[in-house]
Amino acid sequence: MPLVSPIEMLRAAREGRYAVGAFNAVDYMTIEAVVHEAQARRAPVIVQTSSGVIKRFGVRALAAMARDIAAETTVPVALHLDHGTDAAVIRQAIACGYPSVMIDASKHPFDENVRRTAEIVQAAHAAGVAVEGEVGVVAGVEDDIVIKADKAIYTTPEEAVEFQRRTGVDFLAAAIGTAHGFYKVAPRLDIDTLVALRENTDFPLVIHGGTGLPEDVVRRLVASGGSKFNLSTQIKQTYIDAMDEYIQAHRQEYDILKVLKHAYDRLREMIGGYMALLGSEGKA
Ligand code: 13P
């Protein structure tokens, strides 16, 4: 089916206390792995693209790839721009058919974040496109966004409510101690704040920094109110490790399609595990 807006699937996830996986794709094959696994598990799913991948392929090509792959499925597939920091790129994604975008102006003071986010929301909503915003600061490395752990700022329920009221965002990244990239030390999670955020809001909350969180922690984050669960670094690790594994075992083969097929299979296994863990399996 055509690409869909993630709003409906995220509202259903919030209501049903499960989370939709939002997987960062890096090329055509990773989009295939995400979408094909979603189809096999009857899971609603979000494919998202980061600024680095957009610099490499451009939003027009990425939207075309996602549309092409989703067209063969019967489960809802949303395409989302992850961590948009450049208004021009966000507007281009909207024009090229992304049904959802994130504006990340979280490095700015609150009022400036509101101003920049509200401007994007206005343009996006006029085109029927959903918007994710961020208030508070998620630490770690996400392409060219680098935030040290001691610069993380946790989201407060008051800020979240005011931010949504003034901007009109459809869902919100909750900074509650998770971080992008690999964890060097165990994250200091504030589950109580996540629970308070959920209780004081009526819109879906997004958990960033999914890679490396133990399964019991993921379950707690979902049970406490995370409705969209972002996973990026794990995709890259699984992809690279799988190619390495295959090449090491078949050093003289030189059949690139076999290398890629091995990575595709490993990616699907990993992604499927997350769909089961997040509870989105069987929900489409
Ligand atoms: P990880 O790279 O830690 O999985 O984080 C993904 C993310 O939050 C993308 O926005």
Side-chain angles (χ1 to χ4, degrees), residues 6 10 13 19-27 30-31 33-34 45-56 62 78-86 89-90 93 98 100-107 117 130-149 151-155 169-189 194 204-215 217-218 221-222 225-241 267 270-271 273-275 277-278 280:
L10 291 178
V20 174
F23 300 98
N24 281 62
V26 297
D27 58 10
T30 43
I31 304 177
V34 172
V45 78
I46 299 171
V47 173
Q48 50 188 24
T49 60
S50 70
S51 57
V53 172
I54 286 170
K55 266 186 210 143
R56 169 67 182 81
L62 288 165
L79 176 66
H80 178 71
L81 171 83
D82 190 28
H83 289 286
T85 51
D86 180 342
V89 173
I90 299 173
Y98 272 60
S100 184
V101 293
M102 176 179 187
I103 156 88
D104 179 359
S106 62
K107 69 172 185 195
T117 304
V131 182
E132 174 180 346
E134 178 171 323
V135 66
V137 176
V138 177
V141 180
E142 178 61 35
D143 285 348
D144 42 11
I145 304 173
V146 182
I147 311 281
K148 293 222 172 82
K151 295 283 183 291
I153 300 173
Y154 290 41
T155 310
V169 289
D170 301 288
F171 40 105
L172 187 69
I176 45 96
T178 57
H180 296 123
F182 294 114
Y183 291 99
K184 293 192 187 82
V185 289
R188 210 167 45 78
L189 300 182
L194 180 57
L205 298 167
V206 183
I207 303 297
H208 281 251
T211 298
L213 296 171
E215 286 190 10
V217 172
V218 175
L221 290 167
V222 174
S227 305
K228 173 175 180 272
F229 185 88
N230 286 7
L231 196 79
S232 176
T233 307
Q234 185 61 62
I235 304 257
K236 299 170 196 169
Q237 187 186 41
T238 300
Y239 198 157
I240 290 173
D241 284 355
L267 281 163
M270 182 276 287
I271 290 162
Y274 273 96
M275 287 168 175
L277 179 60
L278 298 172
S280 62

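Note that ligands are numbered from 1 as they come in the structure, with each ligand's atoms numbered from 1 the same way. The residues of the chain are indexed from 1 along the displayed sequence.
- Looking only at side-chain heavy atoms (C-beta outward), H208 and D82 come within less than 4.5 Å of each other.
- Counting only heavy atoms of the protein, atom 10 (O) of ligand 1 lies nearest to D82 OD2, 2.7 Å.
- Nearest non-hydrogen protein atom to atom 8 (O) of ligand 1 is G209 N, 2.8 Å.
- The nearest heavy-atom contact from the protein to atom 7 (C) of ligand 1 is H180 CD2, 3.3 Å.
- Heavy-atom proximity to atom 2 (O) of ligand 1, evaluated over I235, T233, D143, is greatest for T233.
- Once rounded to the nearest 0.5 Å, the distance linking CD1 of I54 with OH of Y98 reads 4.5 Å.
- Looking at ligand 1, you'll find an N or O of H83 within less than 3.5 Å of one of its N or O atoms.
- In this structure, the side chains of L205 and T155 stay at 4.5 Å or more apart for every pair of heavy atoms.
- Considering backbone and side-chain N/O atoms, L231 never comes within less than 3.5 Å of an N/O atom of ligand 1.
- For the pair E142 and ligand 1, a heavy-atom separation below 4.0 Å is found.
- For ligand 1, the atoms closer than 4.0 angstrom to any heavy atom of A179 are 3 (O).
- Between M275 and V45, some side-chain heavy-atom pair lies under the 4.5 Å cut-off.
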Practice task
Determine, step by step, whether T233 and Q237 satisfy the side-chain hydrogen bond (donor to acceptor under 3.5 Å, both in side chains) criterion, reporting the C-alpha distance in whole Å, the side-chain angles of both residues, the deciding distance to 0.1 Å, and the verdict.
Solution key: CA-CA 6 Å; T233 307; Q237 187 186 41; over 6 Å; no
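- With contacts defined as side-chain heavy-atom distances shorter than 4.5 Å, the pair N24/V53 does not qualify.
- For ligand 1, the polar-atom distance check finds no N/O of N24 at less than 3.5 Å from any of the ligand's N/O atoms.
- Between F229 and L213, some side-chain heavy-atom pair lies under the 4.5 Å cut-off.
- Residue T211 has at least one N or O atom closer than 3.5 Å to an N or O atom of ligand 1.
- Residues S50 and E142 meet the side-chain proximity criterion, which asks for heavy atoms closer than 4.5 Å.
- Per-residue contacts place H208 under 4.0 angstrom from the following atoms of ligand 1 (heavy atoms of the residue considered): 8 (O), 10 (O).
- Polar contact check, G181 against ligand 1: a nitrogen or oxygen pair lies under 3.5 Å apart.
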